[in-house]
Amino acid sequence: MPNPGRFVSVLLVFAMLIFPAARVFAQRPAIEAPHGMVVSAHHLASAAGVEILQKGGNAVDAAIATGLALSVVYPWAGPLGGGGFMLVHLADGRQIAIDYRESAPAAATRDMYLAPDGSLIKGAGSSTTGWRASGVPGNVAGFAYALENYGSGKITWAELCEPARRLAREGHRMSQTTALALRNAEPLLGLFDESRSVFLKGGAFYSAGDLWVQSDLGETLARLQRHGPREFYEGETAQFIAAAMQKNGGTITLADLKAYRPVERAPLRGNYRGHEIVTMPPPSSGGIALLQMLGMLEWHDVGSLGHSSAAKYHLFAEVMKRAFRDRAEYIGDPAFVHVPVAQLLAPAYVQNRMADFSPDRATPAAAVQPGLGKYVAAARTESPETTHYSVVDSAGNAVANTYTLNGGFGSGVTIPGTGILMNNEMDDFTSKPGAPNMFGLIQGEANAIAPSKRPLSSMTPTFVFKDGKLLLVTGSPGGPTIINTVLQVVTNVIDFNMPVQRAVEAPRIHHQWLPDVLTFEAYGISADTEAALQARGHLIKERTSYEGATQGDAESIAIDPKTGLRQGAADPRKGDSAAVGF
Ligand code: DON
């Protein structure tokens, strides 16, 4: 009687003999599906996207439904009151970047966050907290633009609002992750009556498993469903927002809302070891920095260094410092400042950035100069919370979408009667030139506040192509760490041949030029690797951020070039994340 178990083992040993280079490691597999896939930070939002794909919608339709659903089930990152960037790949070969970043209200001024003595205003009235912290939200306008121009034409706006409306009206069981996030946000949300009543049960805390109904948000979604997306900017919802702003000393007016428009942009393109990288242009700094870092790495045999070696981490930290130095100097909203994109991405320039690289010594941050000479410094503040999701449909269209309120639960303000939580994206501007922000980044002129200007971002939704075929859809939250998270996911796939799930799960490091510190995730590097990095002169610290001790949340999809299977890799760093496919 043949023993099937033995047969399989023999086959395995045989396979290992034939393919001696193959590395075998235990790992959670990606979720595979032949038709469509949505990977987001919440399983109910991923399911909302798949519901639309199964109705015949394309990746853009599904991305909108997922984004709207996240506004209900993942309220601290993606609600209607925020903004972001959507990168679209169409099966016919085109790629489009939709910039629906918030813009500064008309009443915004360069010094609006400075007290009379020139110090930064703290607490209420600051760039981070309360009614003056919000830019004009872009989410609804961005989704509407994407639907009108790149949707399948088979699914209506009203249908896309439906899963979100249902989740808000009928409620959903609160997850442990959400309950904990709400509890942790009490110091912020507790400052505002409406937020206290919507998110804190009026004072008590929600527990995991509670049925969470959001009636006002459900009503807002129903209004958007009935009257269309302009309702947010010109209808009753707009009036709710403008009236509350006026009553509480906020800056956004009805005219600001009415004037808001998303901007379609040409994505940035670059190459890395025979792959094409398509990513986000300014006002995100992410694409430029990612392409610069890949350009610097191309000259090194990254794969042979070993994934978690001190030599690799040293090289990556050096590359990160140089890209972040340029980011701080040159990048802002291209409608307001000249960003020298072509010069920053010229291959000779990028290669030359590493002319002083030593494999044995860390370059001190103070010695890292901007590569194109002095410009006007342009770094900015960032803080949590953002979210990224990826979608691929059966025709091969794809969406990489990163959007945000900036801080976790944004400004803390919920517009009374609407359930809409507002962003604090104004904090991504330079509140005070030259002043280090909460992350130690330097504030610069190119990112100074001006009416209608968009604050500089790090969000980096990205596609990787091989031989003209889409291979990877990725992106992440995490403020300045976003760019480095995307860099590491991309190099894990290209240099280390990792399956996508492994590429997403692998530990990450971060360096942002200033502060001159290399951070790693808890359990992320070994003590002897740490010692080897210290010996090269790096100051090393374990991350201790709002995200716990982790970095980013790269909800990604790979497409198997041989089978075409969509491989959804949910990032385990966020408790509710899920890949859902069919
Ligand atoms: O646009 C940016 O770069 C920031 N507002 C993103 C903030 C963020 O990712 C926080 N996330 N965890």
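Starting from 1, each residue takes its place in the sequence as its number. In what follows, every heavy atom counts, from backbone to side chain, and hydrogens, waters and symmetry copies are set aside. When a ligand or atom number is given, it counts from 1 through the structure's own listing order.
Between R265 and D99 there is a salt bridge, with a side-chain nitrogen of the basic residue lying less than 4.0 Å from a carboxylate oxygen of the acidic one. One finds a salt bridge joining R353 and D326 here, because a Lys/Arg side-chain nitrogen approaches an Asp/Glu carboxylate oxygen to under 4.0 Å.
Inclusion of L456 in the set of residues having an N or O under 3.5 Å from an N or O of ligand 1 is not warranted. Considering backbone and side-chain N/O atoms, T404 never comes within less than 3.5 Å of an N/O atom of ligand 1.
For the pair N484/R508, no side-chain contact is recorded, criterion being any heavy-atom separation below 4.5 Å from C-beta on.
Nearest approach of A365 to W513, heavy atoms of both residues: O-NE1, 2.9 Å.
Ligand-side atoms of ligand 1 in range of S458: 1 (O), 2 (C), 3 (O), range being under 4.0 angstrom from any heavy atom. Atom numbering of ligand 1 starts at 1 in the shown order; those under 4.0 Å from a heavy atom of T386 are 6 (C), 7 (C), 8 (C), 9 (O), 10 (C), 11 (N), 12 (N). Shown in contact with I482 at under 4.0 Å from a heavy atom are these atoms of ligand 1, numbered in order with element: 9 (O). Residue-ligand proximity, M459 to ligand 1, at heavy-atom distances under 4.0 Å covers atoms 1 (O), 3 (O).
Only the side chain of D428 comes within contact range of ligand 1, with a heavy atom under 4.0 Å; no backbone atom does. When heavy-atom distances to ligand 1 are checked against a 4.0 Å cut-off, R101 comes that close only through its side chain, counted from C-beta outward.
The salt bridge (charged side-chain N to carboxylate O under 4.0 Å, His left out) check on R269 picks up E276, with sequence neighbours excluded. The side chain to side chain contact (heavy atoms under 4.5 Å, CB included) test applied to A506 returns H307, N492, M498, not counting sequence neighbours.
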